[in-house]
Every structure is written in C-alpha cells, then in structure tokens.
Amino acid sequence: MRVPGTFFLSRRLAEGLEEGALTQLANVATLPGILRCSLGMPDIHWGYGFPIGGVAAFDEEEGVISPGGVGFDINCGVRMITTPLTVTDIPDMKGLIEDLFATVPTGVGSKSPVRLSQNDLSNVLTDGAANAVELGYGMEGDVRRCEENGAMPGAELEFVSKKARARGIPQCGTLGSGNHFLEVQAIDEIPDPATAKTFGVAEGQICVMIHCGSRGLGHQVCTDHLKVLEEAVKKYGIDLPDRQLACAPLHSPEGEAYFGAMAASANYAWANRQIITHLVRELFVKRFGIAYEEMPLVYDVAHNVAKWEEHETADAAAGRRRVCVHRKGATRAFGPGRSEIVQEFRDAGQPVIIPGSMGTSSYLLAGTTTAMERTFGSTCHGAGRVQSRSSAKRSLTGAAVAEDLAKRGIIVRAPNAAAIAEEAPDVYKPSSEVVQVVHDAGISRIVARFRPLGVIKG
DNA sequence: ATGTCC
C-alpha cells in the first residue's frame with residue numbers, strides 16, 4: 001500500500017464490514033499516484049475492483065484513472081424535486097403510483113417516450129441537462145441546481161462507441177432496474193430548519209426522488225474502455241493486485257479517452273434524470289392541477305464519477321492543486337464557500353441527497369469544511385447492500401415484501417416480483433445509521449428526513 | 001448497474 005486506508009464506520013457497521021470490501025480498499029491504496037488515503041464511507045461494500053462507497057484522489061502527474069473507481073453505471077445519481085402538496089392532498093397514493101409507473105418507463109431494456117436523433121444524442125453527450133431543457137424537458141433554474149450544472153466539461157464524443165450510442169438513443173428518459181427507483185416521499189423531520197429553508201424544503205411537504213444513471217450507454221462505455229485499459233496496464237507496466245483495477249495514467253491517450261467517454265456518459269445521465277423529471281412534473285400538473293413551476297429541483301448529485309477538482313493535499317504548503325477524485329458510490333459534499341456550489345446555497349454548503357432503501361427514510365444533508373479537509377469533499381451515497389440479489393431472491397418473495405410494505409403504508413410497483421424481492425429493505429443497511437456516521441464524523445450534516453409513501457422500481 | 005453471454 002502506498003497510502004493508508006481510512007474508514008468512516010460505527011461500531012455496528014464495522015462488525016458487518018465485508019472482508020472483500022476491506023481487501024478492495026487496500027488494493028486501491030496500491031495504485032500509482034493515490035493521494036493521502038484510500039477512503040471508505042459507512043455504506044462501503046464489495047464492488048467491481050474498487051469498493052462501492054469508496055473515494056480516492058490521484059495526482060495529476062503520477063496518478064491513474066480507472067473505470068473500476070467509477071462503476072459500470074456512470075453518473076448513477078439522485079435528484080429531488082419538491083411539490084406544493086402535503087399528504088392529505090394525495091388521498092389515492094396507489095392511483096398516483098400506478099400513473100407514475102405508466103408514465104416513467106422502468107425495467108431492463110425499457111424504451112423512452114422521448115426519441116432522440118443522433119444529433120440530439122451528440123448534444124446531450126456534450127451539454128447534459130441543459131440540452132434536455134433546451135429540447136423542452138425542464139424549466140429555468142433546473143440546470144444550476146445540478147452538480148456541475150448538469151454537464152461535466154471534457155466530454156469527447158469520438159470515444160463513445162457506435163454501440164454505446166445505439167443503446168443510448170432509445171433509453172434517454174428511462175429509469176432502469178436494480179436499485180434505481182422513483183419515490184414519492186413526505187418530509188417528516190427537520191433537524192436543521194435554517195438550512196432546510198435555504199434549500200427550499202419544509203415539514204410535511206411531498207417530494208419526489210429520482211435515482212437512476214446512464215443506462216445501457218454508460219454500461220457500454222465502461223465495457224469498451226475496460227478492454228482498452230486492461231491492455232494499457234501491460235503497456236505502462238502498472239503492477240496491479242487485481243485486474244479489475246484496470247487503469248491508465250491520467251494523461252495517457254487511453255486514460256484521456258476513458259475520461260472523455262465517461263464525461264459524455266455522465267452528461268447523458270443528467271439529461272436522463274432531467275427528462276424523467278419533466279415526465280413527473282407533467283403528470284402532477286395533470287393529476288393535481290398544480291403549476292409545472294411549483295415543482296422546483298432542490299438538487300441533483302452524482303454518485304459514480306471521476307472528476308478534476310481543486311483540493312488541499314498532504315503538502316499544505318503547496319496549497320490547493322488539481323487532482324482527479326474518483327467517487328464510486330459516494331457523493332460530493334463540498335463545504336460552504338466553494339465556488340462550484342450554486343450561489344443561493346454557497347454559504348450553507350452543497351445539498352447532499354442520500355436515498356434510503358425501499359421502505360426506509362431518505363435524507364437531505366449539507367456538505368462541510370470537514371469533508372474538504374478529510375475526504376476530498378465527499379460523503380456516503382446510500383444505505384449499502386448487506387445481502388446479494390441472488391440470496392435475497394432465495395429467502396424472500398416479492399409478494400411478501402410488497403405486502404409487508406403495504407402494512408406500513410408504502411405502495412410499491414415494479415414490472416416483476418423478483419425486482420421487489422432483490423430490493424427488500426432487509427437486504428440493505430439502515431439508512432439512518434449510515435447517515436448518522438457521516439453526520440457524527442462531520443463530513444456532512446443532516447438537514448431533513450424523508451418518509452417513503454410510494455415507489456416505482458425497475 | 002447491464003439488450004444480466006455475440
């Protein structure tokens with residue numbers, strides 16, 4: 001190991017820490033040019049190469065970039081929109097969830113009601129959420145409420161394969177499957193009323209949370225570039241403890257190609273969440289007679305991405321410098337004052353959105369100065385799985401899980417029963433515990449809690 | 001996560 005590994009865990013979460021995730025955190029610490037430490041958030045678990053819930057920053061000259069440090073679902077992320085409604089305004093939650101299920105395409109291989117041309121796709125890959133708004137799927141203010149204003153600089157379209165493009169064309173505006181979801185929630189606790197007011201959320205308010213990523217396009221980009229980078233490992237003589245850590249020097253042709261394609265995929269994911277947001281707003285307008293403008297975006301965060309950022313490193317005398325931060329199942333949590341944060345939130349710190357598992361609370365937090373000092377401005381991303389999909393399917397049935405949730409007043413709708421069993425609340429760590437760890441460690445602070453009312457799953 | 005094996 002070139003640097004130490006650092007975990008953020010409670011005693012209880014430490015007891016459940018997987019051996020595999022621990023090994024992976026140590027493996028990441030062997031990579032060339034890694035700075036300070038290999039970081040594990042409290043939702044850490046075993047992933048492809050890097051652990052999910054892992055953060056690692058790399059030196060511009062000595063460091064590498066690795067698809068394993070981003071994940072297959074490039075810019076999987078989450079956004080939250082508010083509504084002017086409260087629980088009593090939605091007497092028929094089941095009807096609303098059915099309507100949402102009919103409106104937002106879910107599941108593997110689902111097709112979007114929006115059909116992008118090849119030219120539209122090129123614009124989406126370059127401009128992200130802004131292009132979706134330009135095409136008519138959004139409103140003034142949406143873009144600046146996204147991390148990176150909904151588009152990463154540095155997208156290079158020539159490194160996105162024809163095959164990736166072909167998969168992306170029909171899928172922009174679809175939810176996907178697995179842990180992706182769209183949930184109707186009510187705010188039930190506000191530990192930090194002042195920041196909640198700044199972020200525009202209030203107790204009792206109905207909100208909609210959207211969790212999805214770059215679909216088949218991002219997956220194809222990851223697959224394509226892993227092949228190239230596996231060869232690059234040999235070419236550059238990089239000694240790896242695990243071939244899943246395939247990587248290349250940041251400024252090598254192979255590393256830059258992956259970065260350009262990853263940035264384009266991240267932009268696609270922002271456009272995807274933007275189009276879904278539009279579909280949801282239109283449905284709420286029709287169903288509840290509210291105005292489209294009454295459903296503003298609170299914020300949109302990326303959970304799976306590598307980015308160039310300015311950070312202090314171990315050599316404090318050198319001041320801030322440009323480093324490449326890999327966040328895989330981790331959220332940027334920039335503290336007060338950072339210029340990257342939209343002006344109206346800059347004094348409060350960046351909004352951080354942490355989804356719970358199906359049936360457990362989600363949270364809105366704020367980034368902190370401590371995060372800037374200790375975690376390259378990063379925090380956790382969610383509950384974190386404790387049981388595999390196959391194991392969940394063996395021990396649970398979708399019908400039983402749905403019935404259990406219904407008893408607790410939570411409506412769930414998915415294309416098939418297996419999708420529900422795989423995502424049962426019991427197969428995840430409790431979101432409350434994960435969020436408490438990052439709050440207590442000071443790497444973000446809890447602002448508001450959201451209770452689930454109804455959810456659609458892929 | 002993923003047209004869950006071109």
Side-chain angles (χ1 to χ4, degrees), chain A residues 20-21 24 43-54 66-78 104-112 115-116 121 160-182 210-227 244 246 258 261-262 264-266 268-270 272-273 276 301-306 326-331 355 357-358 381-394 398 414-423 427-428 456-458:
Chain A
Q24 288 185 324
D43 47 345
I44 188 166
H45 57 286
W46 181 87
Y48 182 92
F50 285 53
I52 296 159
S66 172
V70 171
F72 273 83
D73 191 5
I74 296 163
N75 191 8
C76 177
V78 62
V104 179
T106 65
V108 177
S110 58
K111 301 250 166 59
S112 174
R115 184 71 189 197
L116 300 179
L121 179 67
V160 178
S161 67
K162 278 198 175 127
K163 199 170 170 185
R165 290 181 67 106
R167 291 179 70 173
I169 288 263
Q171 292 186 334
C172 204
T174 64
L175 198 61
S177 65
N179 67 0
H180 293 160
F181 67 82
L182 186 155
I210 297 164
H211 180 211
C212 61
S214 51
R215 308 287 286 106
L217 181 138
H219 191 277
Q220 190 64 48
V221 162
C222 183
T223 304
D224 292 341
H225 285 265
L226 273 172
K227 281 182 206 143
Q244 290 186 354
Y258 170 67
M262 177 208 60
S265 308
Y268 177 94
W270 270 306
N272 187 30
R273 293 197 283 276
I276 292 171
V301 294
H303 285 167
N304 279 9
V305 83
H326 290 58
R327 295 192 183 91
K328 184 197 197 172
T331 316
S357 60
M358 198 164 59
H381 87 307
R385 188 170 272 278
V386 289
Q387 197 181 335
S388 73
R389 291 183 183 283
S390 51
S391 160
K393 275 189 285 194
R394 279 196 300 274
N416 56 69
I420 298 175
E422 290 179 9
E423 291 291 313
V427 312
Y428 283 93
I456 69 170
K457 300 281 302 178

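First the proteins, then the strands, lettered A, B, ... as listed; each starts at 1.
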Query raised in the report: A:Phe72 has an atom CZ; how far is it from atom C1' of B:dT4, in whole Å?
Result: 11 Å
Report task. Rounded to the nearest angstrom, tell me the gap between atom CG in A:Asn304 and atom P in B:dT2. Result -> 11 Å
Query raised in the report: When we call it a touch if two heavy atoms are under 4.0 Å apart, what does A:Gln171 touch: a base, just sugar-phosphate, or nothing?
Result: sugar-phosphate
Query - Between B:dT2 (C1') and A:Ile52 (CD1): distance, integer Å - result: 14 Å
Query raised in the report: B:dT4 P sits how many Å from A:Asn416 CG, rounded?
Result: 14 Å
Requested in this report: Would you indicate what A:Arg389 reaches in the nucleic acid, counting non-hydrogen atoms under 4.0 angstrom: base, sugar-phosphate, or nothing?
Outcome: sugar-phosphate
Query raised in the report: Where does the angle between the aromatic ring planes of A:His326 and A:Phe50 fall among parallel (under 30°), tilted (30 to 60°) and perpendicular (over 60°)?
Result: parallel
**Report entry** Whole angstrom value for the distance that separates P of B:dT2 from CG of A:Asp73
**Finding:** 6 Å
Query raised in the report: Would you call the rings of A:His211 and A:Phe181 parallel, tilted or perpendicular if under 30° counts as parallel and over 60° as perpendicular?
Result: perpendicular
Query raised in the report: So what does A:Gly178 hit on the nucleic acid, given a heavy-atom distance under 4.0 Å: a base, only sugar-phosphate, or nothing?
Result: sugar-phosphate
Requested in this report: Report yes or no: does A:Asn304 contribute a side-chain atom to a donor-acceptor pair with the main-chain N or O of A:Gly77 at less than 3.5 Å?
Outcome: no
**Report entry** Between B:dT2 (P) and A:Lys163 (NZ): distance, integer Å
**Finding:** 16 Å
Query raised in the report: Of all heavy-atom pairs between A:Asp73 and A:Arg215, which one has the smallest distance, and what is that distance?
Result: OD1-N, 3.9 Å
Report task. Send over the distance from A:Lys227 NZ to B:dC6 C1', rounded to a whole Å. Result -> 10 Å
Report task. With heavy atoms under 4.0 Å as the rule, sort A:Gly216 into base, sugar-phosphate or nothing. Result -> sugar-phosphate
Query raised in the report: Counting only side-chain N and O atoms of A:Ser177, is one of them less than 4.0 Å from OP1 or OP2 of B:dT2?
Result: yes
Report task. Figure out the OH/C1' separation between A:Tyr48 and B:dT4, and round it to whole Å. Result -> 15 Å
